[in-house]
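Heads up, the thing below is written out as structure tokens.
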Amino acid sequence: MADGRFYITTPIYYVNDEPHIGHVFTTTLVDVAARAHRLVGDEVFFLTGTDEHASKVSDAALERGLSAQEWADVNAGRFREAFTSYRFSNDDFIRTTEPRHTEKVQEYMAALLRSGDLYEGEYEGWYDAGEEEYVPDGRARELDYKSPISGRELVRRKETNYFFRLSAYEDFLLELLDENPRLVQPDARRNEVIGRIREGLQDVPASRTGSSDWGIPFPGDPEHTVYVWIDALFNYLSVVDTDARRSLWPADVHLIGKDILWFHAVIWPAVIAALGKCPGYEWVTQPGLIYAHGFWINEGQKMSKSLGNFIDLAQLDGYAERFGLDALRWYLVTQGPLGANDSDFAEARFVEVYNADLANTLGNCINRVTNMTGRYLGGSAAEPGTHPDSGVLERAAGEAVARFTESLDRFALAGCAGAGMDLVREVDAVIERTRPFALAKDEARAPEVGAILYDCAEALRIASLLLWPVLPQRTEAFWERLGAAAPREFGAADTLRSQAAWGGLAPGTPIAKGPALFPRHQD
Ligand code: ME8
């Protein structure tokens, strides 16, 4: 990021089923971060995609009488379509069945075999079939031999496999985490990871054998396929391991859910370190941040396949139709489990937040300012000038921009959104204090009215820039009313710094009234 490049990833999602709120949530957060970084002028690369070689994919295909590839194609198509309809701004979409990925994975595995970090051996342990992972013995006992995710019994399994020498990386990982306190966030997650590493690391399987040949053939031993988790993690690397993209490495942010923290905060850094020691891969260095968010629950209940209560695309689309896509994004980002805790997705809360923030604050403030500009100023921005609250909004806008960039640096996306919305609240406060609607009755005070409304419109212009990453559609509609180019059309020189400079709104600019951007929702 220091070099103005910003590479951010979502997990790649399993294609045993269609997308649900969890997938939309993580991808929305990454979309917001990607847009925010583009806004501050970074060259952004936003990667998402699908993880296809899991046995739950081939099992689900079998149940439907399809080949694993056919079923993967169906669901990868659903993910792609959904992500297009949600207007995510991803720069690439990787499917792990694509040759650009499978060929690279074979090269990485071959290099790790040569270095000795992969070896053939026998393994017996407690296996969580749904999650496709072995659970260390001590942890399996703590979990009462049940999967923490699905609740199903862990099974005792024995196999001859290739293994990754994770145990050799215990000290390395503890040092890495110690020297880079921001590598794994939030802190609660970081502490959890450190605690578990201290309990001791076992080597982990890197290949599988069995009835199904669904997977990437293991180099030199086609009886084996590459273990799906190693295959999947490598997507972050394979996609940018080309002459044109290699300079994007390392990823600045891997955003994930707390369910897959271990793979990203322990196995992945160890694999990176192992590969980085291999000739030709010295450039493969550690990521900037591995950020694990919490989970959504549904109306107070944990979501699970067995309960059949996942908030699915049909429900999310329903919210987007009733309230707009931006409103759904706003709810996900401002009310979602961005930190270590879980959040409840509840319809009543959605409506409450929509009305409070979007209808009564942002939408209403834009209405007030554009209506008053129409009524008192003939519909265009007046000259700036002095009034009793002069300087208040200019200062507030400067502070909001600073808070936005500072929040972005900490990956505090709700803070970025809050910076924009608090500036809108400041505009409301100035209107309440200065009362332009009352001053307008006295013709002698017309310049003051013009000056107040200039400040209000200018602050709203800047607030809408700060809100753009979360509310791209409606803020662009507002910008168009101000006759300004939308942020998506910004050139390289039009970054937040230049565009948010106070005074960007030229006097005389027509400020069109328009339909309510966020109509109040009545039950
Ligand atoms: O784990 N709340 O894929 P996956 C919030 N393929 N986010 C949720 C969620 C919830 N209730 N449920 C799921 C995999 N997620 C692997 C990843 S990466 C190299 C391989 C989100 O389809 C969250 O981001 O099970 C979680 O990490 C991800 O979906 C898991 O998606």
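Start at 1 and go down the list; that is how both ligands and their atoms are numbered. From a predicted model like this one, the values you see are computed outputs, not experimental measurements.
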Should Arg329 and Asp31 be marked as a salt bridge (charged side-chain N to carboxylate O under 4.0 Å, His left out) after you check the CA-CA gap, both sets of side-chain angles, and the distance that decides it?
CA-CA 10 Å; Arg329 290 167 69 93; Asp31 187 63; 2.7 Å; yes
Below 4.0 Å from any atom of ligand 1, is there a heavy atom belonging to His264?
yes
Sub-4.0 Å atoms of ligand 1 with respect to non-hydrogen atoms of Ala232
19 (C)
Mind checking whether His23 has an N or O less than 3.5 Å away from an N or O of ligand 1?
yes
Looking only at protein heavy atoms, what sits closest to atom 15 (N) of ligand 1 is Gly22 CA, 3.5 Å
Which atoms of ligand 1 have any heavy atom of Asp51 under 4.0 Å away?
6 (N), 16 (C), 20 (C)
Aromatic plane relationship, Trp229 with His264 - under 30° parallel, 30 to 60° tilted, over 60° perpendicular
perpendicular
Here the atoms of ligand 1 under 4.0 Å from any heavy atom belonging to Met303 are 11 (N)
Is the charged tip of Lys302 near the ring of Phe295: under 6.0 Å from the six-membered ring centre and within 45° of its axis?
no
Which ligand 1 atoms, with their elements, are less than 4.0 angstrom from a heavy-atom of Thr26?
21 (C), 23 (C), 24 (O)
Below 3.5 Å, N or O to N or O, backbone or side chain included: is there any such pair between Ile12 and ligand 1?
yes
Should the ring pair Tyr331 and Phe350 be called parallel, tilted or perpendicular, given that the plane angle runs from 0 to 90° and is split at 30 and 60?
tilted
Is the Phe25-Trp296 ring centre distance short of 6.0 angstrom?
yes
I'd like to know whether ligand 1 has His293 as a neighbour, heavy-atom separation below 4.0 Å.
yes
Is the closest basic N to carboxylate O distance between Arg349 and Glu352 below 4.0 Å?
yes
Hey, does the side chain of Asn16 reach the backbone of Val57 with a donor-acceptor pair shorter than 3.5 angstrom?
no
Ile260 neighbourhood, listing ligand 1 atoms whose heavy-atom distance to it stays under 4.0 Å
1 (O), 17 (C), 27 (O)
Test item: Asp92 side-chain N/O and Leu47 main-chain N/O as donor-acceptor pair under 3.5 Å:
no
Whether Arg156 engages the ring of Tyr127 as a cation-pi pair (distance to the six-membered ring centre under 6.0 angstrom, angle to the ring normal within 45°) should be assessed.
no
Just which atoms of ligand 1 are under 4.0 Å from any heavy atom in Gly294?
5 (C)
Report yes if some N/O of His20 lies less than 3.5 Å from some N/O of ligand 1; otherwise report no.
no
Do any nitrogen or oxygen atoms of Gly257 come within less than 3.5 Å of a nitrogen or oxygen of ligand 1?
yes
Looking only at distances, please establish whether an N/O atom of ligand 1 is found under 3.5 Å from an N/O atom of Tyr236.
no
Below 4.0 angstrom, N of the basic side chain to O of the carboxylate: do Arg403 and Glu406 qualify?
no
Side chain, backbone, both or neither: the part of Trp229 lying under 4.0 Å from ligand 1 by heavy atom
side chain
Heavy-atom nearest neighbour in the protein, as seen from atom 2 (N) of ligand 1, with distance rounded to 0.1 Å:
Trp296 N, 2.9 Å
Side chain, backbone, both or neither: which part of Asp259 has a heavy atom under 4.0 Å from ligand 1?
side chain
Give the residue, atom name and distance (to 0.1 Å) of the protein heavy atom nearest atom 25 (O) of ligand 1.
Tyr14 CD1, 3.5 Å
Salt bridge or not for Arg38 and Asp91, using N-O below 4.0 Å?
yes
